[in-house]
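What follows is a short report on a single structure.
For the numbers below, each heavy atom of this structure counts, side chains included, while hydrogens, waters and symmetry mates do not.
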Amino acid sequence: MESSQVLHYLDIWRSWMKHDNLKLGYKTKSSGFLTGSIHSFEDLEDEVDSKAAQTVDKCIDDLSTIERTAIYVRWMGEATLVNPIMIDMHYDIALSKLAKKLPEQGLY
């Protein structure tokens, strides 16, 4: 997978992470099933993006702690005490690992 595709999926993941609305512990939309609640192409697109974001999230969880931290620092703006040079180095490693993992999970 090319790095531009990985960055595309990380962008979808970031949006999902920042806008996933939980009420009483339940998501407002189910990403596991395509149901009659889809009334437009935008609804279908949201379902596909949500499923892709969940897949990316799982792949990020499988990374080492420092690689996962690097992704969160770069994409979610989280603060860290880790040296920025280490973040940059491990971010590049994380991207290359995601480029291999995402296609294995069905994202192309």
Side-chain angles (χ1 to χ4, degrees):
M1 175 178 283
E2 293 184 24
S3 62
S4 62
Q5 293 168 299
V6 175
L7 297 177
H8 170 73
Y9 283 119
L10 284 170
D11 190 42
I12 291 170
W13 171 77
R14 175 180 50 200
S15 295
W16 179 76
M17 290 290 286
K18 289 190 174 197
H19 296 103
D20 198 20
N21 186 10
L22 298 176
K23 294 180 181 177
L24 300 176
Y26 299 101
K27 292 186 178 186
T28 57
K29 293 182 180 178
S30 170
S31 61
F33 302 99
L34 296 176
T35 66
S37 66
I38 295 176
H39 301 292
S40 67
F41 179 75
E42 288 79 19
D43 291 341
L44 180 61
E45 187 176 43
D46 288 345
E47 286 288 326
V48 170
D49 284 351
S50 179
K51 184 67 175 164
Q54 289 177 3
T55 301
V56 172
D57 193 52
K58 180 187 177 307
C59 290
I60 290 171
D61 284 345
D62 291 342
L63 296 172
S64 71
T65 302
I66 188 69
E67 293 162 354
R68 190 169 48 249
T69 299
I71 294 289
Y72 273 85
V73 166
R74 285 283 188 93
W75 285 90
M76 301 300 288
E78 291 191 7
T80 182
L81 298 175
V82 179
N83 182 335
I85 295 170
M86 293 292 291
I87 291 294
D88 291 341
M89 182 178 70
H90 287 285
Y91 176 73
D92 292 338
I93 293 168
L95 286 183
S96 66
K97 285 185 178 181
L98 287 174
K100 293 177 184 174
K101 286 183 177 211
L102 294 177
E104 291 172 1
Q105 298 299 316
L107 297 178
Y108 298 97

Those residues that, when tested against Arg74, pass salt bridge (Lys or Arg N to Asp or Glu O under 4.0 Å) (two or more places apart): Asp88

Nearest atoms (heavy-atom pairs only) where Tyr108 meets Pro103: OH-O, 3.5 Å

Side chain to side chain contact (heavy atoms under 4.5 Å, CB included) between Leu95 and Ser3, intermediate numbers included: CA-CA 7 Å; Leu95 286 183; Ser3 62; 5.8 Å; no

Any pair counted as salt bridge (charged side-chain N to carboxylate O under 4.0 Å, His left out), so long as it reaches residues 93-108, sequence neighbours left out: Glu67-Lys97

Exercise: identify the closest heavy-atom pair between Met1 and Val6: SD-CG2, 3.6 Å

Reported NE2-to-CD1 distance for the pair His8 and Ile12, which is rounded to 0.5 angstrom: 3.5 Å

Minimum-distance pair of heavy atoms, taken over all atoms of Gln5 and Glu2: OE1-N, 2.9 Å

Set of side chain to side chain contact (heavy atoms under 4.5 Å, CB included) partners for Thr69, sequence neighbours left out: Thr65, Val73, Thr80, Ile87

Salt bridge (Lys or Arg N to Asp or Glu O under 4.0 Å) partners for Asp92, two or more places apart: none

Partner residues of Tyr9 under the ring pair (Phe, Tyr, Trp, His ring centres under 6.0 Å) criterion, sequence neighbours left out: none

Minimum-distance pair of heavy atoms, taken over all atoms of Trp75 and Leu10: NE1-CD1, 3.5 Å

Euclidean distance, Asp49 CG relative to Ser15 OG, rounded to 0.5 Å: 8.5 Å

By salt bridge (Lys or Arg N to Asp or Glu O under 4.0 Å) - contacts of Asp11 (at least two apart): Arg14

Connected via hydrophobic side-chain network under 4.5 Å: Ile93 and Leu98: no

Check against side chain to side chain contact (heavy atoms under 4.5 Å, CB included), Trp16 and Asp57: CA-CA 10 Å; Trp16 179 76; Asp57 193 52; 3.9 Å; yes

Reported CD1-to-CD1 distance for the pair Ile71 and Ile60, which is rounded to 0.5 angstrom: 5.5 Å

Atom of Met76, atom of Trp13 and distance for their closest heavy-atom approach: CG-CH2, 3.8 Å

Verdict with reasoning, Val48 to Lys51, per side chain to side chain contact (heavy atoms under 4.5 Å, CB included): CA-CA 5 Å; Val48 170; Lys51 184 67 175 164; 5.9 Å; no

Qualifying ring-ring contact (aromatic ring centres under 6.0 Å, His included) pairs, either residue in residues 42-68, two or more places apart: none

